[in-house]
Amino acid sequence: MGGQKTPPSSSSSSSSSSSSWFSHFCSSALRTKPINSPLDTILVSRNSTDALVRRLGLLDLILLGVGASIGAGIFVVTGTVARDAGPGVTFSFILAGLSCVLNALCYAELASRLPAVVGGAYLYAYSAFNELTAFLVFGQLMIDYHIGAASIARSLASYVVTILEMFPVFKDNIPSWIGHGGEEFFGGTLSINLLAPFLLALLTVILCLGVGESSIVNSFMTVLKVIIVIIVIFVGAFEVDVSNWSPFAPHGVKEILTGATVVFFAYVGFDAVANSAEESRRPQRDLPLGIIGSLVICIALYIGVCLVLTGMVPYYLLGEDAPLAEAFTSKGLKYVSILISIGAVAGLTTTLLVGLYVQSRLYLGLGRDGLLPSLFSKVHPTRHTPIHSQVWVGIVAGTLGGLFNVHVLSHILSVGALTGYSVVSACVLALRWKDKTASQFSSRWTSAWREGVLCIVTVACCGFAAGLFYRFSASFIFLVVAVVIAILATAALCCRQTYTNPPGFSCPGVPIVPAVCVFFNMFLFAQLHHEAWVRFVVLSIIMVAIYAFYGQYHAKPGSDESIIYQRAPTEATR
């Protein structure tokens, strides 16, 4: 009948439900983390036992950064790159170091601007862009940390066994399933190594005891390895033959540039300082100094080792596995080789310790924000450490390191570091854009905001394209075009955006310095193994799915029940 109402069809109901879900997903994904602005406030919690304690001074932060950055690689990567770049490897480390300094300046500004809590790149992305971007950054970082921790633990186990075998009682008596490599089963699918998870468990216990106790261990081991590196440089300086430095760039400038893209990752780790914000005594002052200071120390040590190594032995005679140790052995200085093994153990220990520390703080931040189960937000009432998060990262790394040969996955690492560095640089620009908060409902501001983001994305795409052209030796004109387009996008950022001066440390040269960082980081991204690109895409899809089915419904970026992120008190910055 014409007067009867037709009941809604199931298809239209389903369509309405899908539209509602998608609308909720978009609104949740675009949320940002509110940051309270009063300078005379400090991090508050509904329960004071949920907060970490501020025990780390400037020296602790510098040693934290050095401990994270310098591992056994300083004794190995210097020589392996020198085989291709020759003595010019020194310039490779200088160029890579300067690039890292630019990234460090961006980190230093944000660490000073948002100093009160844990989170690092995740927190910065949450504040500057949106919730989904922050969650994706966390996912990329965490895969790097988990696989990296397991791989480092295996390397550390191998070095520990090597030192033990210096004693006759252990010589050739330690089975492979304890430390060296691992006992393989099922065609190599499983690779049992018991020492790696044991070492991880030991470091996890130390971290659970408290930040003060773990800082003491890190400081001792870091000072030990720095002293050993200084001894290596000092002793090696007397064995240098300056004729070995000629020719300085035997294979041309391109090999030096290629070497810079390789050794860039030797500096990765200074960003760990930013994740200790909630445990720093004077975060607004000490975090920028800790980030930049630790990086400068690492650059100086790497340059010293490069000069000594290439001066002691002609670059074409350097070994592949242990070039520095072999160089000293060839000069009759075997005791230095023993020191190098001890230094490698100390270096791997601190790198692993700081890596586990950073992971737990990231999990703590996401647990507080509701993007992960609340279990991760728990802090021990007396130890003031996120024990649940710490034990979890120890279990994950221990399982991977104890059962699988994770070294074969090393070629898909560094994606998280480059993603984090690029996003942090972009965050400096986004948080500097004038009147963001006051004008957020203005269509004019919306247009300017989107234009700014489009310029940043253009710079990133040009950096990746330039990296591909360089990697595959494409015509020089393509490389020039990519650079020119990036320069034009940067010029638009300069001319069409207005920037504020942030409180605390200010990154110089904004927007040019952050834009250069984004370009070069993406240039390096293009140099990674193609499977690393696949990993980036696949993991991003997985993280979006996790966010869609869990994160968007549990996140609480600004609710009354959540911990509010606030700046440190004024007196703490003096």
Distance only, no hydrogens: is a donor on one side chain within 3.5 Å (strictly under) of an acceptor on the other, for R535 and Q140?
yes
Look at the aromatic rings of F376 and W392 and report parallel, tilted or perpendicular, splitting at 30° and 60°.
perpendicular
Hey, are T382 and H384 close enough side-chain-wise for a donor-acceptor pair under 3.5 Å?
no
Could you give me the CA-CA distance, side-chain angles and deciding distance for D369 and K556, then say whether salt bridge (Lys or Arg N to Asp or Glu O under 4.0 Å) is met?
CA-CA 5 Å; D369 291 334; K556 44 182 188 290; over 6 Å; no
Can you check side-chain contact (heavy atoms from CB on, under 4.5 Å) on R281 and L56, steps first, answer last?
CA-CA 6 Å; R281 291 173 188 160; L56 302 179; 5.9 Å; no
So, for T78 and C306, which heavy atoms are closest and what is the spacing to 0.1 Å?
CG2-SG, 3.8 Å
Closest non-hydrogen atom pair between L63 and T222, with its separation
O-OG1, 3.6 Å
Taking Q359's backbone N and O only, do any of them form a donor-acceptor pair with S389's side chain (distance below 3.5 Å, no angle check)?
no
Measuring only between side-chain heavy atoms, which start at C-beta, is W433 closer than 4.5 Å to L493?
yes
Would the distance check show the side chain of T385 and the main-chain N or O of G210 forming a donor-acceptor pair, the cut-off being under 3.5 Å?
no
Under the side-chain hydrogen bond (donor to acceptor under 3.5 Å, both in side chains) rule, what do S276 and R55 come out as? Steps first, then yes or no, please.
CA-CA 10 Å; S276 62; R55 291 181 178 173; over 6 Å; no
Would you confirm whether S294, through its side chain, and I291, through its main-chain N or O, come within 3.5 Å as a donor-acceptor pair?
yes
Using modelled atom types only, decide if a donor and an acceptor are shared between the side chain of D271 and the backbone of G269 within a distance under 3.5 Å.
yes
Answer yes or no: is there a side-chain heavy-atom contact under 4.5 Å between L203 and I206?
yes
Does the plane of the ring in Y363 sit parallel, tilted or perpendicular to the ring in H146? Use 30° and 60° as the thresholds.
tilted
Does a side-chain heavy-atom distance below 4.5 Å link V305 with F93?
no
Will you find, in the side chains of Y124 and E109, an N or O donor that is under 3.5 Å from an N or O acceptor?
no
So Y122 and L136, side-chain contact (heavy atoms from CB on, under 4.5 Å) or not? Walk me through it.
CA-CA 9 Å; Y122 156 78; L136 291 174; over 6 Å; no
Taking all heavy atoms of D144 and all of V415, pick out the closest pair and write down the distance.
OD2-N, 3.5 Å
Could you state the interatomic distance from SG (C517) to CG (L418), rounded to the nearest 0.5 Å?
11.5 Å
Rounded to the nearest 0.5 Å, what separates atom SG in C455 from atom CZ in R450?
14.5 Å
Exercise: do N130 and T133 side chains pair donor with acceptor under 3.5 Å:
yes
Decide yes or no on side-chain contact (heavy atoms from CB on, under 4.5 Å) for C208 and R383, but give the supporting numbers first.
CA-CA 7 Å; C208 288; R383 295 293 178 182; over 6 Å; no
Where the side chain of S151 meets the backbone of I147, is there a donor-acceptor pair that is under 3.5 Å apart?
no
For the residue pair F264 and Y421, does the interplanar ring angle fall in the parallel (under 30°), tilted (30 to 60°) or perpendicular (over 60°) class?
perpendicular
Quick one, V118 and L123 - any side-chain contact, counting heavy atoms below 4.5 Å?
no
Distance-minimising heavy-atom pair for F75 and G343
CE1-C, 3.7 Å
Would the Y267 and Y302 ring centres measure less than 6.0 Å apart?
yes
With a 3.5 Å cut-off and sequence neighbours excluded, list the donor-acceptor pairs that the side chains of residues 98-108 form with protein atoms.
{"unit_1": "N103", "atom_1": "OD1", "unit_2": "N521", "atom_2": "ND2", "d": "3.0"}
{"unit_1": "N103", "atom_1": "ND2", "unit_2": "S99", "atom_2": "O", "d": "3.1"}
{"unit_1": "N103", "atom_1": "ND2", "unit_2": "N521", "atom_2": "OD1", "d": "3.4"}

Around F220, counting heavy atoms of other residues, nucleotides and ligands shown, do more than 12 lie under 6.0 Å from its CZ?
no
With a 4.5 Å cut-off on side-chain heavy atoms, are P503 and Q284 touching?
yes
So, F464 versus F523, ring centres under 6.0 angstrom or not?
no
Write down the atom of V423, the atom of A125, and the distance for their closest heavy-atom approach.
CG1-CB, 3.7 Å
For E278 and R54 the tightest heavy-atom approach is O-CG, 3.4 Å
Test side-chain hydrogen bond (donor to acceptor under 3.5 Å, both in side chains) applied to E131 and Q552, R31, K33, the passing residue:
R31
Is it the case that the side chain of S69 and the backbone of V66 share a donor-acceptor pair, with hydrogens and angles ignored and the cut-off at 3.5 Å?
no
If I take atom OG from residue S127 and atom CZ from residue R113, how far apart are they, to the nearest 0.5 angstrom?
9.5 Å
Mind telling me whether F135 and Y547 have parallel, tilted or perpendicular rings, with 30° and 60° as the class edges?
tilted
Which distance, rounded to the nearest 0.5 Å, do you find between the OG1 of T350 and the CE of M221?
7.0 Å
Quiz question: by atom type and distance under 3.5 Å, do the side chains of S360 and Q390 form a donor-acceptor pair?
yes
Verdict with supporting geometry, Y145 and V358, side-chain contact (heavy atoms from CB on, under 4.5 Å):
CA-CA 9 Å; Y145 278 126; V358 170; 3.3 Å; yes
Sub-4.5 Å side-chain heavy-atom contact between Q527 and V262:
no
Do any N or O atoms from the side chain of R361 and from the backbone of N275 form a donor-acceptor pair under 3.5 angstrom?
no
So SG of C507 and CG of L110: to nearest 0.5 Å the spacing works out to 9.0 Å
Residue pair T261 / L257, side-chain heavy-atom distance below 4.5 Å
no
Validation row: L52, P386 side chains within 4.5 angstrom (heavy atoms):
yes
How many angstroms lie between atom CD1 of I487 and atom SG of C494, to the nearest 0.5 angstrom?
11.0 Å
